[in-house]
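Data first, discussion second: the structure below is written as C-alpha cells.
Proteins come first, then strands; the chains are lettered A, B, ... in the order of their sequence lines, and each starts at number 1.
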There are 2 protein chains.
Amino acid sequence: MTRKALKRERATARRKPIRPKGTRTPKRNRGRPAKEDGTELMRDRILNAAEELFAEHGFDGVTVRQVTRRANVDVALAHYYFDTKRGLFDAVFLRRAAIINEERIKAIDEYQANPGPGGATIEGFIQAFLDPVMERWATGGKGWKDYLAIVAQVNNTPKWGGETMARYFDPVIHRLIDGLRSIMPGARDIDLYWSYQFLSGALTLTFAETGRIDRLSSGLCRSSDEAAVRSRMAPYIAAGFRCVCLAKNRKPPGGKQP
Amino acid sequence: MTRKALKRERATARRKPIRPKGTRTPKRNRGRPAKEDGTELMRDRILNAAEELFAEHGFDGVTVRQVTRRANVDVALAHYYFDTKRGLFDAVFLRRAAIINEERIKAIDEYQANPGPGGATIEGFIQAFLDPVMERWATGGKGWKDYLAIVAQVNNTPKWGGETMARYFDPVIHRLIDGLRSIMPGARDIDLYWSYQFLSGALTLTFAETGRIDRLSSGLCRSSDEAAVRSRMAPYIAAGFRCVCLAKNRKPPGGKQP
DNA sequence: AGAGTAATTCAACGATGGATGAAATGATGC
DNA sequence: GCATCATTTCATCCATCGTTGAATTACTCT
C-alpha cells in the first residue's frame, strides 16, 4: 500500500459519490505503463519540471497544470505523488538541500581538522562553507542553478524566509559559526550572526543569477561568470567578518553601540 | 476626461452588449461619494493595501480582490485607477522608489562636495548611499518596511530582478560607483560592480526583515534592530570593497585571476 | 438649472485554479 | 491463472481569478 491508499484512508467517506454522469469512453494511454527502463521516472519528471518553473516564477507564479504539462504527465499524477502543490514545492526544495548540507558539514569539518600551514583562517572557513555550493552552481548544470534561484526567493520572502530556511539550513550555519568562533575567541555572537546575515544576502542573490549585474554594468560583468565570483566573494565576506567581529576594527560611525 | 474615458477609447466596440439579464436592484452606497475631506483618498487606500499584501505574499500570491477587500473598496475601482494588476504593482513600486532615489543622489552629492576632515572615504560613500534607506526603514513606519520587503523580492527574482530594478535604481547606483571610483583611481570597474552586487544582496535581505536571523540566533538578534544594523552594515560592506577593489589587497585563493 | 464629467458600485463573463473519485491497466505474488 | 497492488489517465467539481460594461451618484462649469 502506497501513497494513494494512505490518501484514501485519510479522506474516508468525505463526499457523496457525485458522478452519475457520462459513460467512460475507453481510449488508449491509460493505466499503469509498461516498465520500460531507461526513461526518467515520472516522479522525477515532475520534480524537474517543477524546479524549472518555480525558479522562474516562484511558488505562486506557477500552476500545477503548467508543471505537469511540461513534464508530459497528467495533473492528477502530481497530486498522487506530492498530495498538494505545497508538498511538491517542499519536495523540490528538499531534494538538493540534503546534498549540499551534507557536503558543507563535511567541508567545514575537514578544513578545521586539517587547515593549511599557519592554521585556520576566517577566509578558510568561509571558503569551506561556500565551496560546495559554488561547485554545484558552477558545474552542476541547470538543475542546480534553478534550485539556487529558488533558495534566493525563499530566503528573501518573509512568509518562508523564517521557517522554511531554518528547518533545512540552520545546522550547517551553526557549524560555520562554531568554526569561526574557534579562531576569533573574542568575537561576540551577535556580531557573528549579523555578519552571517550579510553573507547570506550576498550569497543567495549572487547564485540566483538574476541578470541584474549584467545590465547594471552594461555587459562588463556576467551573472554566470564563475571565475569572477570565485575570486571575489570569499575575500569580500571574510573582510567584512574581520571588520565587524574583531573588536579592534570596530569603529562606531555615529550610532550608539549596543 | 480621465482614466475611464481613455480606457473606453482604447477598447472601442470590443464586445457585443451581453447583458440582457436581470434588472438592477438600486441600493445604497453607489456612485460618486460626498467630498468628505480628512479621509484617505481611495486611490491611496488601494495602494496601501496592495503594499501590505505584496510585501507579505509577492505579486502572484495576491489577488486584486484581496487588495480591494482590505481597502474596503470595490474590485472594479482598482482597475479604474491602475488598469491591470501589474499596473497596480508598478504603482506601488514607483511611489517610494522616486523618493529614496532622490534622497540618495542628494546624500552622495553632498558627501562628495563636503566630506569630513581627511577627505572622502569608502565607508563615507557607502554610508551616504545607505543612510536614506536606513532612515526610512528605521523610522518610516510599516509602509516603508513593506516596500523594502517588496524590493527584496523583486531583486531576487529572475523575472523582474533584471528589468524592473534596472529601470528605477540604476542611475543612483552609477552615481555611487562614480563616487567610489573617484577615491580609488586604481580600482577596476569589474571589481566595483561585483562588490556592489554583494552589497545589494546584503542590503535587500537585511531590510526585508524576514525574521530569519531571529530564529537562527535563538532570539539573540532581532531583524528589526536598527542600531545593530546601523553600526555593522556600512563597515562590513566598506571592508569588502576595500579588500576586493584595492589591488594590493587582492590575493587569488586558488582560482584563476580574470 | 441643466449638461457633462469623475468616481464608485453592481453584476457578470469566460478562463483557470487546486483538487479528487473512479476507471483503466500493467506488474507482482501466490 | 487469478487476486491484489501500484501507477496513470479521465472527467469533473467548485471556487476564484482578472477584467469589464453599465448603472449610479456627486461634483463642476456654464
When you get a sec, tell me which of [options] is the closest nucleotide to the side chain of [X]?
| X | options | result |
| --- | --- | --- |
| B/V64 | D/dT9, D/dG18, C/dA19 | D/dG18 |
| B/A76 | C/dG18, D/dT7, C/dT9 | C/dT9 |
| B/T63 | C/dT9, C/dA19, D/dC17 | D/dC17 |
| A/M42 | D/dT8, D/dG18, C/dA19 | D/dT8 |
| B/L77 | C/dG17, D/dT19, C/dT9 | C/dT9 |

With heavy atoms under 4.0 Å as the rule, sort A/V67 into base, sugar-phosphate or nothing. nothing
Pick base, sugar-phosphate or nothing for B/V75, based on heavy-atom distances below 4.0 Å to the nucleic acid. base
Any carboxylate oxygen within less than 4.0 angstrom of a Lys/Arg side-chain nitrogen, looking at [X] and [Y]?
| X | Y | value |
| --- | --- | --- |
| A/R175 | A/D109 | yes |
| A/K145 | A/E51 | no |
| B/D170 | A/R212 | yes |

Within the pair B/H79 and D/dT19, is there a side-chain N or O less than 4.0 Å away from OP1 or OP2? yes
Does a nitrogen or oxygen in the side chain of B/Y80 sit under 4.0 Å from OP1 or OP2 of D/dT19? no
Assign each of A/D74 and B/D74 to its nearest nucleotide of DNA chain D by heavy atoms, then name whichever residue's nucleotide is nearer the 5' end.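 Closest to the 5' end, via its nearest nucleotide, is A/D74.
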Taking the nucleotide of DNA chain D with the nearest heavy atom to each, does A/N72 or A/R65 sit closer to the 5' end?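 Taking each residue's closest nucleotide, the earlier one in sequence belongs to A/N72.
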May I have the distance from [X] (atom [atom1]) to [N] (atom [atom2]), rounded to whole angstrom?
| X | N | atom1 | atom2 | value |
| --- | --- | --- | --- | --- |
| A/K85 | C/dA19 | NZ | P | 8 Å |
| A/R86 | C/dG18 | CZ | C1' | 15 Å |
| A/D60 | C/dG17 | CG | P | 13 Å |
| A/R69 | D/dC10 | CZ | P | 14 Å |
| A/L88 | C/dA19 | CG | C1' | 14 Å |
| A/D44 | D/dT8 | CG | P | 11 Å |
| B/I46 | D/dG18 | CD1 | P | 14 Å |
| A/F59 | C/dG17 | CZ | P | 14 Å |

Classify the angle between the aromatic ring planes of B/F198 and B/W194 as parallel (below 30°), tilted (30 to 60°) or perpendicular (above 60°). tilted
Parallel, tilted or perpendicular, as decided by the 30° and 60° cut-offs, for the rings of A/Y168 and A/F93: tilted
